[in-house]
A.B. asks: 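My questions will all concern the structure given below.
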Amino acid sequence: MKKLLVLLVLLLTPAFAQSLQASVGGPFGLSAGVRLGLVPFLLDGRIYASGGPVGTGGALVFGGGADLLAKIPLTDLYAGAGVFFGNGNTLSALGSGNLGLRGVLGTWLNLGLPGIAFFVEAHPMVFFGSSTGFGISGSFGVNVGF
């Protein structure tokens, strides 16, 4: 039953997606995901998968996570929090780990392209597990959709 529910969520999430996103940066290098409008004009959710050669010696690291993002009305700013998990260390300054919570502080870069937007984010992170600590990362990405 659990496998069936996971399969349904994976199959139906793109149907409800507000947009598709791709970014370069934390937590695990290259990321791709979907952004879901939860409360119109106020609250979004984001689910993403990441991967890249950010491990020691250029080892490939794969991971993913989910964020809950609140839009700040009448601005291009948004803030939120999320969780992440990967099979290796994150791409971050000040600390490293593969499991934790992250804050998201971001803004849209308005270039006037219909259906395409660019964004920049900063991610303060708290790591759990064998390497508890604090880190910070950032990302630059493109959003396709509304």
Side-chain angles (χ1 to χ4, degrees), residues 6 8-146:
V6 169
L8 284 174
V9 168
L10 289 175
L11 291 175
L12 293 177
T13 297
F16 294 104
Q18 174 180 326
S19 59
L20 302 174
Q21 292 187 327
S23 65
V24 175
F28 301 107
L30 301 173
S31 296
V34 296
R35 193 163 177 149
L36 308 159
L38 302 176
V39 177
F41 306 111
L42 293 177
L43 193 62
D44 288 347
R46 175 171 55 193
I47 302 168
Y48 61 91
S50 299
V54 297
T56 56
L60 288 175
V61 175
F62 297 101
D67 298 325
L68 191 61
L69 306 169
K71 299 175 184 179
I72 300 171
L74 303 176
T75 71
D76 289 333
L77 303 173
Y78 56 92
V83 298
F84 63 88
F85 178 79
N87 69 346
N89 286 333
T90 61
L91 180 63
S92 67
L94 306 177
S96 63
N98 63 350
L99 169 67
L101 300 174
R102 74 177 189 165
V104 178
L105 304 169
T107 186
W108 296 102
L109 304 174
N110 292 321
L111 300 178
L113 300 171
I116 298 175
F118 295 92
F119 60 91
V120 176
E121 295 178 348
H123 309 131
M125 300 189 284
V126 176
F127 302 106
F128 300 113
S130 61
S131 59
T132 302
F134 175 77
I136 189 162
S137 71
S139 64
F140 173 77
V142 62
N143 186 80
V144 179
F146 301 104

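These numbers come from the heavy atoms of this one structure, side chains and all, not from hydrogens, waters or symmetry mates. No experiment lies behind these values; they were computed from the predicted model shown.
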A.B. asks: Indicate yes or no: at least one non-hydrogen side-chain atom of Leu38 is less than 4.5 angstrom from one of Asp44.
C.D. replies: no

A.B. asks: Answer whether the closest heavy-atom distance between the side chains of Phe140 and Leu109 falls below 4.5 Å.
C.D. replies: yes

A.B. asks: Would you name the heavy atoms of Phe28 and Val61 that are closest together and state the gap between them?
C.D. replies: CD2-CG1, 3.5 Å

A.B. asks: What pairs with Ser31 under side-chain contact (heavy atoms from CB on, under 4.5 Å), at least two apart in sequence or on another chain?
C.D. replies: Ser23, Tyr48, Ser50

A.B. asks: Less than 4.5 Å apart, any side-chain heavy atom of Phe84 and any of Phe127?
C.D. replies: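 Touching, per the 4.5 Å side-chain cut-off.
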
A.B. asks: Which heavy atom of Ala117 sits nearest to which heavy atom of Trp108, and what is that distance?
C.D. replies: CB-CE3, 3.8 Å

A.B. asks: So which pairs with a foot in residues 86-96 pass salt bridge (Lys or Arg N to Asp or Glu O under 4.0 Å), sequence neighbours left out?
C.D. replies: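 Residue pairs passing salt bridge (Lys or Arg N to Asp or Glu O under 4.0 Å), neighbours aside: none found.
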
A.B. asks: Output every pair passing salt bridge (Lys or Arg N to Asp or Glu O under 4.0 Å) with a member in residues 77-94, not counting sequence neighbours, ordered by first then second residue.
C.D. replies: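 Qualifying pairs: none.
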
A.B. asks: Any salt bridge (Lys or Arg N to Asp or Glu O under 4.0 Å) pairs touching residues 124-135, not counting sequence neighbours?
C.D. replies: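 Pairs touching residues 124-135 that pass the test: none.
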
A.B. asks: Taking the six-membered ring of Tyr78 (Phe, Tyr or Trp), confirm whether the NZ or CZ of Arg35 is under 6.0 Å from its centre and within 45° of its axis.
C.D. replies: yes

A.B. asks: Decide yes or no for Ser19 and Val144: does some side-chain heavy atom of the first lie under 4.5 Å from some side-chain heavy atom of the second?
C.D. replies: no

A.B. asks: With heavy-atom distances below 4.5 Å as the criterion, would you say the side chains of Leu36 and Ile47 are in contact?
C.D. replies: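 In short, these two side chains touch, coming nearer than 4.5 Å.
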
A.B. asks: With side chains defined as the heavy atoms from C-beta onward, is the minimum distance between Ile116 and Asn143 less than 4.5 Å?
C.D. replies: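 Ile116 vs Asn143: side chains apart.
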
A.B. asks: Is there a side-chain contact between Phe134 and Pro124, using heavy atoms and a 4.5 Å cut-off?
C.D. replies: yes

A.B. asks: Determine the minimum heavy-atom distance between Phe118 and Leu113, stating which atoms define it.
C.D. replies: CE1-CD1, 4.1 Å

A.B. asks: Which pairs of donor and acceptor atoms, one on a side chain in residues 91-107, lie under 3.5 Å apart (sequence neighbours left out)?
C.D. replies:
unit_1	atom_1	unit_2	atom_2	d
Ser92	OG	Thr90	OG1	3.2
Ser92	OG	Gly95	O	2.6
Asn98	ND2	Gly86	O	3.2
Arg102	NE	Asp67	OD1	3.3
Arg102	NH1	His123	ND1	3.4
Arg102	NH2	Asp67	OD2	2.6
Thr107	OG1	Asp76	O	3.3

A.B. asks: Going by the salt bridge (Lys or Arg N to Asp or Glu O under 4.0 Å) test, which pairs reach into residues 117-127, not counting sequence neighbours?
C.D. replies: Arg46-Glu121

